[in-house]
2 protein chains.
Amino acid sequence: MSAIEIYRTLPEQIAARLRQDVLSSKLKPGDPLREIDLSERFGVSRGPVREAFRQLSQQGLLVLEPNKGVRVAQNPSVEVRPLVVELRRKIEVFVLNSIFERITAEDLEDWDAILADIKAACESSDVDALTEHDLRFHQAIIRSHDDKDLFALWQPIAMRMMMRYNRLDDIMESYREHKRILDAIRAGDKPIAIKALEDNIQ
Amino acid sequence: MSAIEIYRTLPEQIAARLRQDVLSSKLKPGDPLREIDLSERFGVSRGPVREAFRQLSQQGLLVLEPNKGVRVAQNPSVEVRPLVVELRRKIEVFVLNSIFERITAEDLEDWDAILADIKAACESSDVDALTEHDLRFHQAIIRSHDDKDLFALWQPIAMRMMMRYNRLDDIMESYREHKRILDAIRAGDKPIAIKALEDNIQ
DNA sequence: GCGCTGAAAATTGTCAACAATGTACACTTG
DNA sequence: CAAGTGTACATTGTTGACAATTTTCAGCGC
């Protein structure tokens with residue numbers, strides 16, 4: 001565990017790491033996870049690992065069966081996915097609409113920095129990095145709302161969407177989509193910004 | 001802990017009990033919860049209590065501050081509540097629409113039984129019982145969908161809505177609203193059933 | 001060979017002790 | 001007396017041992 005993220009709690013660090021592995025398909029749906037394995041891998045006891053499991057299962061990334069263990073969750077079915085997309089859109093549009101007039105230059109600076117990371121990931125065709133920074137981009141927007149509970153509401157829904165990143169033929173399109181959002185925000189054009197955000201969530 | 005619910009895991013029993021206390025306002029927003037207190041109250045160690053805390057915090061009922069403790073969450077703000085209502089409506093309507101043609105006589109029997117509990121709670125003006133059975137009613141519908149993940153998706157959203165049950169002047173209206181849903185389902189009238197469901201969620 | 005039984009192994013669940021962190025408050029200092 | 005400081009105290013975080021449960025698989029009867 002890198003000492004860079006000491007600000008985070010042990011279970012959170014483990015959860016973040018596992019989340020990465022699930023989102024990048026290093027762990028595939030159905031894969032079983034054993035507490036002992038991970039506690040040895042991370043050099044901690046089983047307690048924090050258990051907590052990370054619980055956290056990720058509430059986020060829909062893992063499935064927990066009492067007395068049996070934990071498995072990586074299946075992707076949403078083709079029937080349910082459109083619902084999840086719609087829910088996530090509703091939340092993000094709500095947030096963008098709500099904060100739009102109060103977006104500061106610092107906010108845009110932060111988001112530009114993430115956009116640069118997205119661009120770099122696209123240019124090097126690093127899908128894992130793209131998944132991570134895409135997530136960071138939307139997280140940053142949600143988190144800029146005063147009501148911190150919105151992030152907790154958004155997270156389990158967004159997670160269920162991010163489990164597969166293969167909708168784009170041209171990976172650079174992801175960068176362009178996110179750029180369009182920020183450009184519209186910078187131009188103060190709310191309807192276009194919302195439209196661009198909606199187009200990006202699918 | 002009553003021996004009736006031995007089928008459930010220890011943290012789940014504790015979480016269920018705490019949920020009841022939060023939803024019935026026995027525990028008010030901002031109230032601090034101490035692991036020791038509850039572990040003594042339930043006669044278990046702190047481990048299961050911690051897990052219950054984590055579970056309920058992911059459901060939006062508790063707020064967790066690392067190294068500081070747990071508090072009962074605030075109700076959604078007036079700004080956010082309409083969003084939560086809309087999200088919950090979307091999910092429940094999606095489910096009802098999806099299962100409608102496959103609803104069995106047994107399903108309706110189960111839901112009728114819950115409706116009877118709702119009626120009894122309304123007649124005795126028992127708001128706590130009403131909250132519980134109202135929740136059970138909608139849970140039962142969601143759970144009758146094949147995709148079990150829908151329940152996990154629905155729960156944290158529904159919880160954020162249920163934290164306050166005071167929108168009705170006449171408490172019997174809650175019974176009538178739920179009855180309308182089942183009547184329409186029994187009549188095979190999908191649009192009316194969906195309309196009745198939407199009217200009930202607000 | 002097939003299915004059942006039951007003991008052994010693997011795994012999760014719970015607990016109590018200890019460590020780390022945060023809080024309250026008396027005390028010092030200017 | 002106000003502001004800052006240090007030291008107990010209270011509370012959460014982590015750990016390793018033990019208990020309960022599930023899984024595996026060898027042995028047995030048919």
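In what follows, every chain begins at residue 1, and chains take the letters A, B, ... in the order their sequences are listed.
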For atom [atom1] of [X] and atom [atom2] of [N], their distance in whole Å:
X	N	atom1	atom2	value
B:Ile36	C:dC15	CD1	P	12 Å
B:Leu10	C:dT14	CG	C1'	8 Å
A:Leu33	C:dA10	CG	P	19 Å
B:Phe53	D:dT12	CZ	C1'	11 Å
B:Glu65	C:dG22	CD	P	11 Å
B:Gln55	C:dG13	CD	P	12 Å
A:Arg34	C:dT12	CZ	C1'	11 Å
B:Glu40	D:dA10	CD	C1'	13 Å

Distance-only side-chain donor-acceptor flag, B:Thr104 / B:Asp107, under 3.5 Å: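 Yes - a donor-acceptor pair under 3.5 Å links their side chains.
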Residue met sooner reading DNA chain D from 5', once A:Ser45 and B:Val70 are mapped to nucleotides: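 In this pair, the answer is B:Val70.
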Any [X] side-chain N or O less than 4.0 Å from OP1/OP2 of [N]:
X	N	answer
A:Lys68	C:dT12	no
A:Arg46	C:dC15	no
A:Arg50	C:dG13	yes
A:Arg71	C:dT12	no

Test salt bridge (Lys or Arg N to Asp or Glu O under 4.0 Å) applied to B:Arg143 - qualifying residues, sequence neighbours left out: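 B:Arg143 satisfies salt bridge (Lys or Arg N to Asp or Glu O under 4.0 Å) with no residue once adjacent residues are dropped.
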Residues in salt bridge (Lys or Arg N to Asp or Glu O under 4.0 Å) contact with A:Arg88, at least two apart in sequence or another chain: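 For A:Arg88 the salt bridge (Lys or Arg N to Asp or Glu O under 4.0 Å) partners, ignoring immediate neighbours, are A:Glu92.
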Sugar-phosphate, base or nothing in reach of B:Leu64, heavy atoms under 4.0 Å: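 The answer is nothing, as B:Leu64 stays clear of every strand by at least 4.0 Å.
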Touch class at under 4.0 angstrom, heavy-atom based, for B:Gly69 against every strand present: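 Sugar-phosphate contact only.
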Proximal nucleotide (of D:dT14, C:dT14, D:dT12) relative to the B:Pro11 side chain: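 That would be C:dT14.
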Nearest-nucleotide pick for B:Asn67, side chain only, options being C:dG13, C:dC15, C:dG22: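 From the listed options, C:dG22 comes nearest.
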B:Ile181 CD1 to B:Lys195 NZ distance, which is reported to the nearest 0.5 Å: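 Spacing of CD1 (B:Ile181) from NZ (B:Lys195) equals 11.5 Å.
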A:Glu173 vs A:Arg180, salt bridge (Lys or Arg N to Asp or Glu O under 4.0 Å): CA-CA, chis, key distance, verdict: CA-CA 10 Å; A:Glu173 179 59 19; A:Arg180 264 178 230 128; 3.4 Å; yes
